[in-house]
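Data block below; observations after.
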Amino acid sequence: MEVLLFGISKELMGQQVLSLPVDSKIANVLELKRWILNQYPEMGNLNSFAIAVDQEYADDETPVSGNQEIALIPPVSGG
Amino acid sequence: MEVLLFGISKELMGQQVLSLPVDSKIANVLELKRWILNQYPEMGNLNSFAIAVDQEYADDETPVSGNQEIALIPPVSGG
Amino acid sequence: MKKITLVDQINLNEVYSWLQDPAAGGINLFIGNVRNHAQGKAVVKLEFEGYKPMALREMEKLAAAAMEKWPIKKLLMVHALGSKQIGEPVVVIGTATAHRKDAFEASRFLIDELKNKVPIWKKEYFADQTVWVNAHP
Amino acid sequence: MKKITLVDQINLNEVYSWLQDPAAGGINLFIGNVRNHAQGKAVVKLEFEGYKPMALREMEKLAAAAMEKWPIKKLLMVHALGSKQIGEPVVVIGTATAHRKDAFEASRFLIDELKNKVPIWKKEYFADQTVWVNAHP
């Protein structure tokens, strides 16, 4: 499973795309968020971050798999 | 005393400037409005009209004289 | 800083250039155009007449009131007079502020008050008649 | 009719031409610029990054919501991405409606929601550091 990174997350995590290990067994958005916070504790300093699945904001229960376009959305600041 | 006319008043009264007879003895805005409605009853069909004295909206008690710039302000519709 | 004028024709490029301010994060522009219909009938053209010196004074008063109420970096009010075709801009209100909320509120206040108080009159030309807007009940 | 784009550079003339509509009496434009200061410090430049396909989808959703809520003739949302200098427009929201109240309300809704939801990120460059806006408490 891969996760697209943007803005501050890209900088904090030092990569453009986060590749999750095959054995990470992440089934939904909540598990993905926990895995990220565990691996990259500095992400816990952000105001918050969201996960988008197939270009839509996804809630914690949304299932995730390697077939989807998954993105980490740090606090937005357009406009 | 002269009264500047604009918009529909100019058309209804058929002139650019209304000249009041010397003996009209008009002392304030209320008397001026009454004189106008009396001489030009069609002005009573308007929504309303105001009088400006020296380029400021004036209330009924405001004194008027020939030394001032007096104008009849029909309902405005700019913008 | 404020700019208040009555013109024959509105130039929107000039308007925007003038409103630019490095300290302003938001610019709100309201542009009033000649609509092609009124009361369900086709409008052919419009004509605007103004009591110019008093109109400018009233616009200045509204600008001063807005600048007291909101922290405005730049404020512009321009009204066109004379004959206008469909789609032409007839009035532009512009405000530049540090925060967008203020720009929206100030522009809204200015156009609402302009329409209530500034001695300018609009005559609509339909195919079969002309109407001074707002004159009759 | 709506127009939603992400661009390198915003052209305000095109924006206004596109918003022209003979049935619209009022056009409201909100233009967000690069401000020269933030948190009391001088901003040198800004950089905008976007998750483009999702940003466009979110903007389309906001446009659809606004068009359901207000009778809008034309609606435009344009956001610039990449590096921006002080004073450059970074976002433009435009609505053309028959009545001005609707244009003000719809534009305000669109810019507020854009700032809340659309995945675009702003990085401020100060003389001594860079800051991703909104990222930290």
Side-chain angles (χ1 to χ4, degrees), chain B residues 1-20 28-30 32-34 36-79, chain C residues 4-7 10 30-35 38-39 43 46-62 77-82 84 89-93 107-124 129-137:
Chain B
M1 187 155 49
E2 298 199 322
V3 179
L4 304 176
L5 302 179
F6 298 95
I8 193 166
S9 319
K10 197 165 61 179
E11 286 184 8
L12 286 178
M13 297 162 76
Q15 50 203 322
Q16 306 257 352
V17 178
L18 175 69
S19 293
L20 276 77
N28 64 29
V29 165
L30 183 62
L32 174 58
K33 286 181 174 173
R34 284 186 178 148
I36 289 166
L37 286 168
N38 192 50
Q39 297 289 313
Y40 299 91
E42 60 276 30
M43 288 293 291
N45 297 330
L46 297 190
N47 269 324
S48 67
F49 64 85
I51 299 295
V53 175
D54 287 339
Q55 303 170 6
E56 302 275 354
Y57 286 107
D59 57 22
D60 284 352
E61 292 72 43
T62 305
V64 293
S65 78
N67 300 325
Q68 294 158 312
E69 182 171 311
I70 297 172
L72 194 165
I73 313 288
V76 302
S77 49
Chain C
I4 289 173
T5 51
L6 297 171
V7 298
I10 290 175
F30 174 80
I31 304 156
N33 291 310
V34 178
R35 262 194 295 170
Q39 288 92 45
V43 175
L46 290 188
E47 209 159 295
F48 286 91
E49 182 180 340
Y51 177 15
K52 289 189 190 180
M54 182 175 168
L56 290 168
R57 279 170 87 121
E58 289 292 319
M59 288 158 85
E60 290 281 356
K61 278 191 221 169
L62 298 179
M77 302 176 87
V78 186
H79 204 297
L81 296 178
K84 296 287 138 205
V90 299
V91 62
V92 178
I93 303 291
S107 290
R108 179 86 184 267
F109 166 84
L110 289 166
I111 183 66
D112 286 354
E113 292 292 304
L114 180 147
K115 286 184 176 248
N116 278 335
K117 295 198 181 145
V118 176
I120 291 175
W121 299 273
K122 171 161 55 185
K123 189 179 190 174
E124 288 174 339
Q129 62 169 339
T130 63
V131 172
W132 285 99
V133 179
N134 290 355
H136 291 107

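All of these numbers come straight from a predicted model, not from anything done at the bench. A, B, ... follow the sequence lines: proteins, then strands. Residue 1 opens every chain.
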Might you confirm whether atom NZ of C:Lys52 has over 12 heavy atoms from other residues, nucleotides or ligands at distances under 6.0 Å? no

At a heavy-atom separation under 4.5 Å, does C:Glu47 approach chain B through its side chain, its backbone, both, or neither? neither

Who are the side chain to side chain donor-acceptor pair (under 3.5 Å) partners of C:Arg57, not counting sequence neighbours? B:Gln55, B:Glu56

Please output the side-chain donor-acceptor pairs of residues 108-116 of chain C that fall under 3.5 Å, not counting sequence neighbours, one pair per line with the distance.
from	atom 1	to	atom 2	distance (Å)
C:Asp112	OD1	D:Arg100	NE	2.9
C:Asp112	OD1	D:Arg100	NH2	2.9
C:Glu113	OE1	C:Lys117	NZ	2.9

Flag side-chain contact, heavy atom, 4.5 Å: C:Met54 against B:Phe6: no

Contacting moiety of C:Tyr51, where chain B heavy atoms sit under 4.5 Å: both

Name the member of C:Asn134, C:Val118, C:Val90 that forms the most heavy-atom pairs with chain B at distances under 4.5 Å. C:Asn134

Counting heavy-atom pairs closer than 4.5 Å to chain B, which one of C:Gly50, C:Gly32, C:Pro53 comes out on top? C:Pro53

Heavy-atom contact with chain B under 4.5 Å, split by part of C:Trp121: both

Find the one option among C:Leu81, C:Asn33, C:Val91, C:Ile120 whose heavy-atom pairs under 4.5 Å with chain B are most numerous. C:Ile120

Which bit of B:Tyr57 is near chain C, if near means a heavy-atom gap under 4.5 Å: side chain, backbone, both or neither? both

Enter the distance from B:Asn47:CG to C:His136:NE2 here, rounded to the nearest 0.5 Å. 8.0 Å

Using a heavy-atom cutoff of under 4.5 Å, enumerate the residues of residues 72-79 of chain B that contact chain C, numbered in order, or state 'none'. B:Ile73, B:Pro74, B:Pro75, B:Val76, B:Ser77, B:Gly78, B:Gly79

Residues of residues 8-20 of chain B with any heavy atom under 4.5 Å of a heavy atom in chain C: B:Ile8, B:Lys10, B:Glu11

